Protein chains: 2
Amino acid sequence: MKLNPRQQQILLAIIKEYIDTAEPVGSRTIARKYKLGVSPATIRNEMADLEEMGFIEQPHTSAGRVPSERGYRYYVDYLMQRYSLSPEEEDLIRQEYTRKVRDIGLLLQRTGQLLSQLTHCASVVQSPKLEVGSYKHIQLVEMSPGRAMLVIVMDSGMIQHQMIDIPTSITGSDLTTISHVLNAKLGGSTVETIKITLLKEIYLELTRHRQILDMVLEALRSSSASVSEDKIYLGGLFNILSHPEFHNVEKVKTLLSLLEQENLLANLLAQINQPGINVRIGGEMSCREIQDCSIVTATYEIGGQPIGYLGVLGPIRMDYAKVISVVDCMTKNLSYALERLFKGGGR
Amino acid sequence: MKLNPRQQQILLAIIKEYIDTAEPVGSRTIARKYKLGVSPATIRNEMADLEEMGFIEQPHTSAGRVPSERGYRYYVDYLMQRYSLSPEEEDLIRQEYTRKVRDIGLLLQRTGQLLSQLTHCASVVQSPKLEVGSYKHIQLVEMSPGRAMLVIVMDSGMIQHQMIDIPTSITGSDLTTISHVLNAKLGGSTVETIKITLLKEIYLELTRHRQILDMVLEALRSSSASVSEDKIYLGGLFNILSHPEFHNVEKVKTLLSLLEQENLLANLLAQINQPGINVRIGGEMSCREIQDCSIVTATYEIGGQPIGYLGVLGPIRMDYAKVISVVDCMTKNLSYALERLFKGGGR
DNA sequence: TGTTAGCACTCTCCTCTCTTGAGTGCTAAC
DNA sequence: GTTAGCACTCAAGAGAGGAGAGTGCTAACA
């Protein structure tokens, strides 16, 4: 379906105007504001064609035109011009990412807040999925009689801990011994490469402590299973309430109840997220609750490895040009910040 | 201001009916549904008195009566009967808390969800503020040349970790040595009781590693400062949208924007939360954004020590009897679950 | 003196009608 | 191919009228 240049101009004008005002756009408005050098009547003719091709729609006969999902898709793919962040916006971002970060959670949360603030939409930020990697250090610490903490450090920088019950006969120095053996034998192995022979060796060396070994190995196994924590930070939900399309409380309710079900949301986003910047418009997503929304996501990475995504969720009538720029920019900034945090170098 | 028994009965009836229907309550309704043995006319007379005393209000002359905040307060303090959880509700709670918990965050989040589900209100759950306590174990793990992870385990079960830059000349065994000395010297000390003499001893023993020691001690110090993480888990926000008082999007927006500002919310809740069960009704809170809501909170504890609070937030017209029972019950269950998790005993 | 029936009065809410205005499609002229 | 003109459509808002719920007041009753 090819559009001639004038049709493209008119479609672009309708979309820009509608994103701005949230009101159906009439032929006169376009003729007045976007000097195309033709009269409203001509524009009307072209609009009739655009409607026939499915790029715009009419809420009712005597209203102006509104972009259809197909129209937005055409806009995003062919018409849209890159938005350049204003100096103030760039400042805001730079300010955030030159801070010293202590807590990753806080960093992700503030990233989400910034995304929302800049786009006036809701934001989603997935916590990084660190590769599990290989065991770097294993430590058993006696907490109280019959109770120990197992601390596991992986070479990816991931750390996990877990309380386990132990026989009360075990002493602190026993735990140190066990820790030493485990480190010596398992250090450098990945979760998958723990061989039976290796386990046999460990059992041989620690025959006295079979019982506690079983517990520790079980804990190691289960901890590697629970790695995919996959937390999603939501931010700026109240922003979407400002958009007139969400003045209907029922809509807000269905949307909110979806967002609060973290696993559903995670599935949806995982489905959407591909390498690069992803734009999903309304019905392009197969999820009923979110048909009135569009989502823009992108993947952030450490050392070239994708480890998570972030994105923006708003009404279909969102400012795609700006949202895409912001998402792109924030992805790069977050990647860089995480890289510094994990791989070191500079402060 | 004393109420005679009949006035109390009528006030109780008005509040029950209004909580149920969200509609102003008329004298005929009360006469019909709550057999007080008097005619609507008599009830009208009493209602006029109750209104004069400020316990109920009239939205407009030809409407029924609505409880005022003062009326709710009287109800909560004197009239309300304890609500007993239904067997299904008790089952639901028991089911949740007999699961094996791995992650505290998950436990708190699910607690919030349960609170919301049972009360049809939004929930807030503060993460436990573990006492810092004394150092149980300190470990430096080499991650890559020039980069190490410092792991700190406190006897309260709190664990913290942090990446630090180290001179590239330092080897893995250097780090082990340093860890040993730190454990030997600092183990059992609290953050406050680290004396200068102790530090001098450490520096003496590790003169070769002054540089890295400075870093580690700095990290120890700053980590104890960042302990008060004070995360608040929100849940079931969409629930409050079901209540007719939140069909106004503006109200929802102000409320949501307050809830998303975690520090503001934390301040507010800290102000509210006293030992025992706290009920704050609308204007009793000095926060403008939340004047249309009531909050019920309570404190959970480990071993008798209060370590956090949880609560329910909903419209002023909430079912206080039920909410209070649920909050009370969940507080006890959460306390018990955390106790098992930290102090051990039974699985 | 407390209680009740009766009644006029008030005020919201719903429905219906009418008007206004924005915008369209079609036709004929340029 | 473009444009002016015109009849037509439809949503939204204003206004009027009626229904209904509930009240306060008065007078009668126990």
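Side chains are part of it too, since the values below use all heavy atoms of this structure and drop only hydrogens, waters and symmetry mates. Keep in mind that this is a model prediction, so the values were computed, not measured. Sequence lines set the chain letters: A, B, ... in the order given, protein chains first and strands last, and positions in each chain run from 1.
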| field | Complementary nucleotide of C:dA29, counting Watson-Crick and G-U pairs under 3.5 Å | value | D:dT2

| So, A:T119 side chain and A:L115 main chain: donor-acceptor pair closer than 3.5 Å or not? | yes

| field | For B:Q113 against B:S123, the heavy-atom pair lying closest together | value | N-OG, 4.4 Å

| field | Main-chain N/O of B:S86 paired to B:E89 side chain as donor or acceptor, under 3.5 Å | value | yes

| Is any side-chain nitrogen or oxygen of B:S39 closer than 4.0 Å to OP1 or OP2 of C:dT4? | yes

| In terms of side-chain heavy atoms, does A:Y320 have a donor or acceptor partner in A:S294 at a distance below 3.5 Å? | yes

| request: Please report the C-alpha distance between B:C293 and B:L255 in whole Å, then the side-chain angles of each, then the deciding distance to 0.1 Å, and finally whether the side-chain contact (heavy atoms from CB on, under 4.5 Å) criterion is met. | output: CA-CA 9 Å; B:C293 296; B:L255 184 59; 3.9 Å; yes

| Mapping B:H60 and B:A41 to their closest nucleotides on DNA chain C, which lands nearer the 5' end? | B:A41

| remark: Here the distance between atom C1' of C:dA28 and atom CG of A:N45, to the nearest Å, is 14 Å

| task | Enumerate the residues from residues 21-30 of chain B whose closest heavy atom to DNA chain D is under 4.0 Å, giving them by residue number; use none for an empty result. | result | B:G26, B:S27

| Distance-only side-chain donor-acceptor flag, B:Q126 / B:Y233, under 3.5 Å | no

| task | Strictly below 4.0 Å, heavy-atom distances to any atom of DNA chain D: list the hits from residues 5-13 of chain A, or just say none. | result | A:R6

| request: Evaluate the criterion side-chain contact (heavy atoms from CB on, under 4.5 Å) for residue pair B:T331 and B:I277; output intermediate values, then yes/no. | output: CA-CA 10 Å; B:T331 309; B:I277 295 187; over 6 Å; no

| field | 5' to 3' contact window, DNA chain D with chain A (heavy-atom distance under 4.0 Å) | value | D:dT2 to D:dA11

| task | Would you kindly give the CD-to-P distance between A:E46 and C:dG23, to the nearest whole Å? | result | 19 Å

| field | Earlier contact from the 5' end, DNA chain C, for B:I43 and B:T61 | value | B:I43

| message | Between B:D328 (side chain only) and B:I324 (backbone N and O only), is there a donor and an acceptor less than 3.5 Å apart? | response | no

| query | Rounded to the nearest 0.5 Å, how far apart are CD1 of B:I15 and CZ of B:R65? | reply | 14.0 Å

